[in-house]
Number of protein chains: 2
Amino acid sequence: MLDTAIQRLKNAGYKLTNARRMVLEILCRDDAHLTSAEVLERASLGKDPIGRATVFRTLDLLTELAIIRPTYLRPGTPHYIVMPENGHHAHIICPKCQRVIEIDDCEIEGLLDELVLRHKIKISGHLLELYGECEYCR
Amino acid sequence: MLDTAIQRLKNAGYKLTNARRMVLEILCRDDAHLTSAEVLERASLGKDPIGRATVFRTLDLLTELAIIRPTYLRPGTPHYIVMPENGHHAHIICPKCQRVIEIDDCEIEGLLDELVLRHKIKISGHLLELYGECEYCR
DNA sequence: ATAATACTGAGAGTAAGTATCAATTAGGCG
DNA sequence: CGCCTAATTGATACTTACTCTCAGTATTAT
Ligand SMILES: [Zn+2]
Ligand SMILES: [Zn+2]
Ligand SMILES: [Zn+2]
Ligand SMILES: [Zn+2]
């Protein structure tokens with residue numbers, strides 16, 4: 001996933017800098033949903049820590065390139081997901097406690113084909129958010 | 001849509017206050033994707049303006065009740081959508097310029113039924129975000 | 001109408017994100 | 001490889017977004 005992400009960054013004509021590689025590594029490593037603050041924290045640990053502004057700039061750039069995607073799991077600040085090669089991600093969010101259940105297989109292709117035809121737009125990825133009270137909140 | 005939203009608020013055991021009605025009215029009226037600042041701005045116009053903290057509290061409460069949903073359209077702050085009675089919303093976002101194309105009919109039921117069975121969770125709504133460069137960015 | 005309780009608003013405080021600009025670095029080219 | 005140039009970075013200051021607190025107010029039930 002990391003290699004793919006780096007390749008997409010390069011293909012878009014951007015330089016692969018230490019900061020960008022590190023942000024991508026952090027997001028890919030944990031394969032988690034991290035906030036900007038969490039990325040910043042992890043990026044400050046090793047040698048060659050990355051500056052505050054650079055983390056925000058990098059997250060914005062990667063979002064624009066659709067390599068990562070922000071999603072609101074709880075009030076305040078978004079959590080970032082690395083979009084896999086096929087551009088799919090799906091999870092269920094409990095709106096009450098904000099727990100997240102990951103969905104591994106996302107069978108949505110049929111629907112997408114139809115939408116693409118109708119709206120004449122090339123869809124490169126998606127995020128399906130489902131909401132429902134989780135077992136702990138019921 | 002407003003009436004449904006108010007009913008859901010009451011059913012959850014919350015009081016229908018002037019502030020809550022006003023926030024819901026603003027979000028339903030424009031049927032748009034508004035930020036907290038935009039809601040606050042509109043809520044400050046008439047007589048009986050709502051306080052800053054109350055707007056944020058109300059947005060959080062309505063989100064927790066799944067009556068509205070925050071979505072990421074551009075860096076900074078989330079945009080809020082009123083979830084309709086059936087809990088569906090779908091739009092296509094261009095990650096490059098952040099333009100949004102609304103999708104009116106969201107035929108996703110078959111997929112959802114299967115997920116519900118597998119994850120033993122009652123899904124009450126969803127947001128499907130599709131990403132793809134828009135016609136202006138290509 | 002009264003009472004109990006949920007809710008609100010003002011204002012101060014904290015956290016998140018942005019702007020600026022001089023210094024640095026990646027990547028192309030000879 | 002080593003230079004060149006444009007892209008990128010980081011420090012700092014700044015702006016905007018959001019949260020906390022608590023005394024006062026409004027809502028609902030009886
Ligand atoms: Zn997820
Ligand atoms: Zn829950
Ligand atoms: Zn929409
Ligand atoms: Zn666009």
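Just the heavy atoms: all of them, side chains too, but no hydrogens, waters or symmetry mates, feed the values below. Sequence lines set the chain letters: A, B, ... in the order given, protein chains first and strands last, and positions in each chain run from 1. Since this is a predicted model, take the numbers as computed values, not measurements.
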Can any side-chain N or O of B:Thr54 pair as donor or acceptor with the backbone N or O of B:Ile50 at less than 3.5 Å? no

Rounded distance (Å) that lies between atom P of C:dC7 and atom OH of B:Tyr14: 7 Å

For B:Lys10 and D:dT27, give me the distance from atom NZ to atom P, rounded to whole Å. 12 Å

May I have the distance from B:Leu61 (atom CG) to D:dC18 (atom P), rounded to whole angstrom? 17 Å

Is the phosphate of C:dG17, meaning OP1 or OP2, less than 4.0 Å from a side-chain N or O of A:Ser36? yes

What is the distance, to the nearest angstrom, from the OH atom on B:Tyr80 to the C1' atom on D:dC18? 10 Å

Which whole-number value in Å describes the distance from B:Leu16 CG to D:dA26 C1'? 12 Å

Tell me whether the rings of B:His89 and B:His33 are parallel (<30°), tilted (30 to 60°) or perpendicular (>60°). perpendicular

Parallel, tilted or perpendicular for A:His126 and A:His88, by the 30°/60° rule? tilted

Ignoring the backbone of A:Ala19, work out which of D:dT27, D:dT9, C:dT8 is nearest its side chain. D:dT9

Using modelled atom types and a 3.5 Å cut-off, is there a donor and acceptor pairing between side-chain atoms of A:Arg20 and backbone atoms of A:Lys15? yes

Ignoring hydrogens and geometry, is there a side-chain-to-backbone donor-acceptor pair from B:Arg99 to B:Glu135 under 3.5 Å? no

Closest-nucleotide 5' rank along DNA chain C - winner of A:Gly76 and B:Gly13: B:Gly13

C:dA15 P sits how many Å from A:Leu40 CG, rounded? 14 Å

Can you tell me the distance, in whole Å, between the CG atom of B:Leu24 and the P atom of C:dC7? 14 Å

By nearest heavy atom, map A:Pro75 and A:Arg20 onto DNA chain D; which one lands nearer the 5' end? A:Arg20

With a 3.5 Å cut-off and no angle check, do the side chains of B:Asp3 and B:Gln7 form a donor-acceptor pair? no

Using a cut-off of less than 4.0 Å, is there contact between a side-chain N or O of A:Thr77 and OP1 or OP2 of D:dA17? no

What is the distance, to the nearest angstrom, from the CE atom on A:Met22 to the P atom on D:dT8? 17 Å

Cationic N near anionic O, under 4.0 Å, A:Lys96 to A:Glu133: yes

By a strict heavy-atom criterion of less than 4.0 Å, which residues belonging to residues 48-60 of chain A are in contact with DNA chain D? A:Pro49, A:Ile50, A:Gly51, A:Ala53, A:Thr54, A:Arg57

Side-chain donor/acceptor contact of B:Lys15 with base of C:dT5 under 3.5 Å: yes

